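Structure record follows, encoded as structure tokens.
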Amino acid sequence: MFQAPRGTQDILPQEQPYWLFIQNAAEATARLYGYERIDTPVFEEAGLFVRTVGVGTDIVEKEMYTFKDLGGGQLTLRPEGTAPVCRAYIERGMASLVQPVKLFYQAPIFRYERPQAGRFRQHHQFGFEAIGEGDAALDAELIDMAWRFFQELGLNKLTLQINSIGCPVCRPAYLAKLKEHYDEHREELCEDCKIRLDKNALRLLDCKKTSCQPLSELAPRSIDFLCVECSDHFSKLKSNLRILRLPFEINPGMVRGLDYYTKTVFEIQPEEERGQSTIAGGGRYDGLIEQLGGKHTPGVGFATGIERIILNLKKQNVNVPGLPKPSVFVVWMGEEAGKAAARMVGDLRAAGVSAVTAFTARSMKAQLRQADGTGCHFAAIIGAEELEQGFITLRDLRTAQQEPVDFSKLVDRVKITGIETL
RNA sequence: GUGGGUGUAGCCCAGAGGCCUAAGGCGUCAGGUUGUGGCCCUGAAGAUCGAGGGUUCAAAUCCCUCCACUCACCCCA
């Protein structure tokens, strides 16, 4: 027996209403803020991610699906969405469009991880990127859009955390201070953190180990070391968020797992949740485009995990609209009626009415059961008598009311009632 | 990568070494109505008891290995 690869899942029909609901909300929100859809390839040159996400990060170090194709190139299944969009921005000359360029996407994301609740090897993200504008007003607008998106979905009890991790001007001095601080307490650090100290000191801040937490609380905070530009940027962000009435918290310990972030970083997560519960995360990446060989171009964006949103929709018992079922089930008895039924189903469909029927001669009981099971609103019954006199018996499966309807009037009759949704 | 839990029909699950030729419920299919669904009744199909090995006269049940799922750590959406 074949099984779906570890950490992947089939999205079954019963799950699809959630997906459609979220997709609709995301697209509506994107439109509201002037974002246009972009789709980039599922795989890219491995170097794109190695260079931007960062050599020392978990994603690059141990989570990428990288393979050699028949041409010998090293390709990687997209482990995150921002770098490909930036690549496309440069490659497709979007610098010559009106700035900022606002793009959104829905994309499968691949990371080789141990699966658990809300974590998969293939998951799906909606991502939003605004490239070509460095002002904090854009950061605030982006965060506002993320927030509105979740409101739109009906998710409550969310928290918004922000931080600023500086830029290449001010970060070196901060990192030096940070290392100094942790170096003094090297012996108290957990094993992982000792390694982090040399490789990526920022990561020390969000170690959850109880032994490391006191040290992190005493650690110097990046927001105290910001250069004038970053500091002004952060102030404007906070002020704009207040204007927009977004309830944010400053979390000086929040860092993100990708190296390209500058200045603003933020996360949205459900209250009273910890661990892998973050439903949206993002920030500014002012150096990314340049790093990829483009002109210096600021950018800011965020991504949200669809599977985690669904998890929360279910946890919060949010009602999502159901998908439409077929409207009419054509029941037939006898070979001749079967032919008429086939024609009738065709006519209904041609008129835009969703219709289904039985493929083999089955008892009326069986056909009506099937009609019931498929969720049809009507059963259009055609047997010897109907055939002879040119009408069908239209049964409303919810009220069990029946009426004779002329062949020629069937389409109009069921159209008036409208296509039913569950 | 590290630790814990769990694997019996499509789904939920009983079963704790011989009475298991593996029970029940949901679902599916059929019948109870010569042309009428949802409720009820009857019947049928559907399980190499996750895989492999071992212990035993005897294994779904005990032991070992592997695999998968799941939860947590790590990290992230």
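These numbers come from the heavy atoms of this one structure, side chains and all, not from hydrogens, waters or symmetry mates. In what follows, chains carry the letters A, B, and so on, assigned in the order in which the sequence lines appear, proteins first and then strands, with residues in each chain numbered from 1. Here the structure is a predicted model, which means the values were calculated and not measured.
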>> Is there a side-chain contact between A:R203 and the phosphate of B:rC76, meaning an N or O under 4.0 Å from OP1 or OP2?
In response: yes
> Side chain of A:R114: nearest nucleotide among B:rC74, B:rC75, B:rG3?
Replying inline: B:rG3
>> Is there, by distance only and without an angle test, a donor paired with an acceptor across the side chain of A:R308 and the base of B:rC76 below 3.5 Å?
In response: yes
> Between B:rA72, B:rA77, B:rA68, which nucleotide gets closest to the side-chain atoms of A:Q3?
Replying inline: B:rA68
>> Any strand counts, and the cut-off is 3.5 Å on both contacts for Watson-Crick or G-U wobble. Which nucleotide pairs with B:rC62?
In response: B:rG54
> With no hydrogens and no angle check, do the side chains of A:Y35 and A:E27 hold a donor and an acceptor under 3.5 Å apart?
Replying inline: no
> Do any side-chain nitrogens or oxygens of A:R6 fall under 4.0 Å of OP1 or OP2 in B:rC69?
Replying inline: yes
>> Distance check, P atoms only: B:rA14 and B:rC76, in whole angstrom units.
In response: 40 Å
> Ignoring hydrogens and angles, are the base of B:rC75 and the side chain of A:R119 linked by a donor-acceptor pair under 3.5 Å?
Replying inline: yes
> Can you tell me if the side-chain N/O atoms of A:Q116 get under 4.0 Å from OP1 or OP2 in B:rU70?
Replying inline: no
Are any protein N/O atoms closer than 3.5 Å to N/O atoms in nucleotides 46-51 of chain B? If there are, list each pair with its distance.
none

> Which parts of nucleotides 30-37 of chain B does protein reach within less than 4.0 Å, heavy atoms only, written one letter per nucleotide 5' to 3' as B for base, S for sugar-phosphate only and - for none?
Replying inline: BBB--BBB
